[in-house]
Amino acid sequence: MIWVVAGTKDARLLIEALLEKKLPVIASVVTEYGEQILREQFSGALHVQRGAMDLLSMETFVQNHNVNAVIDASHPYARVASENLIELSCKRGIPYLRYERPESALPAYEKLTSISDWSQTLLTLQEAPTGSRVFLATGSRALPKLVPILLDKGLYPIVRILPDPQEIQRCLDLGLTPNQIIAMQGPFSYELNRAMFLQTGAQWLVTKESGTVGGADEKMSAAMELGMGLIVLTRPALEYPALTQDVSTAVGWAAVRSVVPLACQTSGLF
């Protein structure tokens, strides 16, 4: 069984390619919304496990589902999950492959600040006047780290999240009002990003370097065209035992390992 740890649109494209080759696949996601998307797309052809897992839960999962290889297609910023999967791979002798979207080079822009941790956001915004509008396209997991400090400073955060009732409630619990919450499923074009920034009066954009598939180019281009301040969280540095950004390579890797379980590898794809 090939276990795909899914966290992005890229993961769905990979799962589709694996199923087309009739490979045995099981997927896991963290959120109910992620589970819903996979179940709707694959109409019962895919077993989906929902819920966050620690290392012990992962060990139980691979044992219960006879997993003999894992493809880590979690979000590029899900560092803890990837670290646990790598440890699981070496501990249990299960081959591991990291599959992720290519990075986008950050543009040359005088109002762009790259950061390596969300805590650095406030340092960049320390000169921002009270009431400045900050558009957070960061994903919901970052919001508890960002919204309170922005509100404490007297800034006006606007968040864009998935249309999940639980996520919306968490935003309200953080002290946001409905007119500070955009609950909408992407992808978001350049034109739509620009319209949202204009409609909300945003003066700053805080986002991640999420690659072309993740819509980073469209967000940053729209913000720059409007002269907004831009704060971008770079990807965490992590040494993966094996990494590919190519779907066909990942499928070929899985095809071999779905037939003959191999020992844990520490480098290379094969």
Side-chain angles (χ1 to χ4, degrees), residues 7-9 29-37 50-54 74-81 111-188 192-210 214-216 218-220 222-223 226 228-236:
T8 62
K9 180 181 179 181
V29 295
V30 174
T31 66
E32 182 178 353
Y33 188 76
E35 179 187 22
Q36 178 185 343
I37 290 176
R50 173 169 56 91
M53 298 189 211
D54 57 16
S74 61
H75 197 279
Y77 292 85
R79 176 170 183 157
V80 173
K111 294 183 180 180
L112 185 151
T113 302
S114 62
I115 59 175
S116 58
D117 187 89
W118 289 126
S119 63
Q120 299 169 1
T121 303
L122 193 57
L123 294 175
T124 306
L125 292 168
Q126 61 185 348
E127 301 301 327
T130 299
S132 294
R133 297 189 166 220
V134 183
F135 196 104
L136 301 177
T138 61
S140 60
R141 289 175 175 267
L143 297 182
K145 302 175 184 178
L146 293 172
V147 170
I149 62 173
L150 297 181
L151 291 174
D152 287 346
K153 182 175 169 50
L155 302 179
Y156 189 89
I158 301 150
V159 305
R160 187 167 70 191
I161 58 172
L162 292 171
D164 181 292
Q166 292 181 340
E167 298 297 341
I168 295 171
Q169 185 59 53
R170 290 189 186 103
C171 290
L172 295 172
D173 292 342
L174 287 172
L176 297 175
T177 58
N179 63 343
Q180 292 174 279
I181 303 169
I182 300 172
M184 187 174 179
Q185 169 70 49
F188 301 100
L192 186 51
N193 278 303
R194 187 177 185 279
M196 287 185 178
F197 299 156
L198 284 172
Q199 177 66 31
T200 58
Q203 296 152 289
W204 291 84
L205 169 65
V206 182
T207 190
K208 301 174 181 174
E209 191 294 285
S210 52
E218 288 80 3
K219 284 182 285 189
M220 291 190 287
L226 295 172
M228 295 168 57
L230 185 53
I231 302 173
V232 181
L233 180 73
T234 56
R235 295 190 188 185

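Under the 3.5 Å distance criterion, the side-chain polar atoms of T138 are left unmatched by any main-chain donor or acceptor of T207. Here the side chain of R133 pairs no donor or acceptor atom with the backbone of I158 at under 3.5 angstrom. A donor-acceptor pair under 3.5 Å is absent between the side-chain atoms of K111 and the main chain of L230, judged by distance alone. The backbone N or O of F188 lies less than 3.5 Å from a partner atom in the side chain of N193, making a donor-acceptor pair. Judged purely by atom type and a 3.5 angstrom limit, E209 has no side-chain atom pairing as donor or acceptor with the backbone of R235.
Only one option out of V147, I182, V134, V206 pairs with V159 in a side chain to side chain contact (heavy atoms under 4.5 Å, CB included); it is V147.
Between I168 atom CD1 and I181 atom CD1 the span is 7.0 Å, to the nearest 0.5 Å. Considering OG1 of T31 and CZ of R141, their distance stands at 8.0 Å, rounded to 0.5 Å. Rounding to the nearest 0.5 Å places CZ of R170 at 9.5 Å from CD1 of I161. If you take CG on L226 and CD on Q203, they are separated by 11.5 Å, rounding to the nearest 0.5 Å. The CD atom of Q166 sits 11.5 Å away from the CG atom of D173 when rounded to the nearest 0.5 Å. Within the model, atoms CD1 of I231 and CG of L136 stand 9.0 Å from one another, a figure rounded to the nearest 0.5 Å.
Side-chain contact between M196 and M184 is present, with heavy atoms from C-beta onward closer than 4.5 Å. You'll find the side chain of T124 reaches within 4.5 Å of the side chain of W204, heavy atoms only. Looking only at side-chain heavy atoms (C-beta outward), I37 and V29 stay at 4.5 Å or farther from each other. Under the 4.5 Å side-chain criterion, counting only non-hydrogen atoms from C-beta, L162 is not in contact with S140.
The 12-atom threshold is exceeded at CD of Q126, counting heavy atoms of other residues, nucleotides or ligands nearer than 6.0 Å.
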Determine, stepwise, if the pair L174 / L151 fulfils side chain to side chain contact (heavy atoms under 4.5 Å, CB included). CA-CA 9 Å; L174 287 172; L151 291 174; 5.8 Å; no
Please step through side-chain hydrogen bond (donor to acceptor under 3.5 Å, both in side chains) for the pair Q120 and S116, ending with a clear verdict. CA-CA 8 Å; Q120 299 169 1; S116 58; 3.1 Å; yes
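Closest approach of L155 and P157 over heavy atoms only: O-CD, 3.3 Å. In this structure, Q185 and P163 approach most closely via the heavy-atom pair N-CD, 3.7 Å.
Within the structure, ring-ring contact (aromatic ring centres under 6.0 Å, His included) pairs that include any residue of residues 129-177 comprise F135-F197 (at least two apart or interchain).
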